Amino acid sequence: QVQLLETGGGLVQPGGSLRLSCAASERTFSRYTMGWFRQAPGKEREFVAAVFRTYGRPYYSDSVKGRFTISKDNAKATVYLQMDSLTPEDTAVYYCAADGTLILSSITQHSAYDYWGQGTQVTVSS
């Protein structure tokens, strides 16, 4: 059982930045694909970014590409999401997710991840 703990959410003005962190309990962290998803009120959970376990290559949704950066520190068993140029449309609860066996073609699907954090609120407002 992998436990995930997200931190770093909060209130930020449009155009500002935040960095989310997700610490994992799993010692074999390097073997897991790590993803970030978000869910705004009344909307479905959507893919934001992920790092595939095997190659370490990042993947982004079109809505955040060029503004967000995902990174993974295997030594600290932590994945980060650096969010820049934030807009009100980025307001949501952000969730960290992990999975050790998903295939690359399913990396953007929330149903493919077995482990989830509790979520952290990000609010972008002036």
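Everything quoted here is computed from the prediction, not taken from an experiment.
- To the nearest 0.5 Å, the span separating NE2 on H110 from OH on Y95 amounts to 11.5 Å.
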#### Entry: Check against side-chain contact (heavy atoms from CB on, under 4.5 Å), I70 and Y59
CA-CA 8 Å; I70 188 171; Y59 296 83; over 6 Å; no
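- Side-chain N/O atoms of Y32 and R53 include no donor and acceptor closer than 3.5 Å.
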### Query
Passes side-chain contact (heavy atoms from CB on, under 4.5 Å), T69 versus Y80? Steps please.
CA-CA 8 Å; T69 303; Y80 304 96; over 6 Å; no
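- Nearest heavy atom pair, residue V64 against residue V48, reads CG2-O, 3.4 Å.
- Taking both residues in full, the closest heavy atoms of F29 and A24 are given as CD1-CB, 3.6 Å, listed atom of the first, atom of the second, then distance.
- Using modelled atom types, one side-chain atom of Y113 and one backbone atom of I107 make a donor-acceptor pair closer than 3.5 Å.
- Looking only at side-chain heavy atoms (C-beta outward), P14 and T87 stay at 4.5 Å or farther from each other.
- Between L11 and S125, the closest side-chain pair of non-hydrogen atoms falls below 4.5 Å.
- Heavy-atom minimum distance, S25 versus Q1: OG-O, 4.0 Å.
- Closest of all the heavy-atom pairs between L81 and W36 is CB-NE1, 3.6 Å.
- Judged purely by distance below 3.5 Å, without hydrogens or angles, the side chains of S63 and S61 pair a donor atom with an acceptor atom.
- Of all heavy-atom pairs spanning S17 and S85, the tightest one is OG-N, 4.4 Å.
- The closest side-chain heavy-atom distance from V122 to M83 is below 4.5 Å.
- Rounding to the nearest 0.5 angstrom, the gap separating the OH atom in Y60 from the CZ atom in R67 is 12.0 Å.
- The backbone N or O of F52 lies less than 3.5 Å from no partner atom in the side chain of T33, so there is not a single donor-acceptor pair.
- No donor-acceptor pair under 3.5 Å is formed between the side chain of S111 and the backbone N or O of Q109.
- Here the CD-CD distance, from Q121 to Q39, works out to 11.0 Å after rounding to the nearest 0.5 Å.
- L86 and L18 get closest at one heavy-atom pair: CD1-N, 3.9 Å.
- One hydrophobic cluster, built from ILVMFWY side chains closer than 4.5 Å, holds both L20 and Y115.
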### Task
Under the side-chain contact (heavy atoms from CB on, under 4.5 Å) rule, what do V2 and L4 come out as? Steps first, then yes or no, please.
CA-CA 7 Å; V2 179; L4 304 172; 3.8 Å; yes
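- With E6 contributing its side chain and Q118 its backbone, the two residues share a donor-acceptor pair below 3.5 Å.
- Side-chain contact between C22 and L5 is absent, with no heavy atoms from C-beta onward closer than 4.5 Å.
- A distance of 10.0 Å separates CE in M34 from CG in N74, rounded to the nearest 0.5 Å.
- To the nearest 0.5 Å, the span separating CZ on R38 from CZ on R45 amounts to 13.0 Å.
- If you check the side chains of T101 and D99, you find a donor sitting under 3.5 Å from an acceptor.
- The distance from the CZ atom of R19 to the CG atom of D84 is 11.5 Å, given to the nearest 0.5 Å.
- Although no hydrogens or angles enter the test, the distance criterion places no donor-acceptor pair under 3.5 Å between the side chain of T91 and the main chain of T123.
- Between W116 and F37, a ring centre-to-centre spacing shorter than 6.0 Å is recorded.
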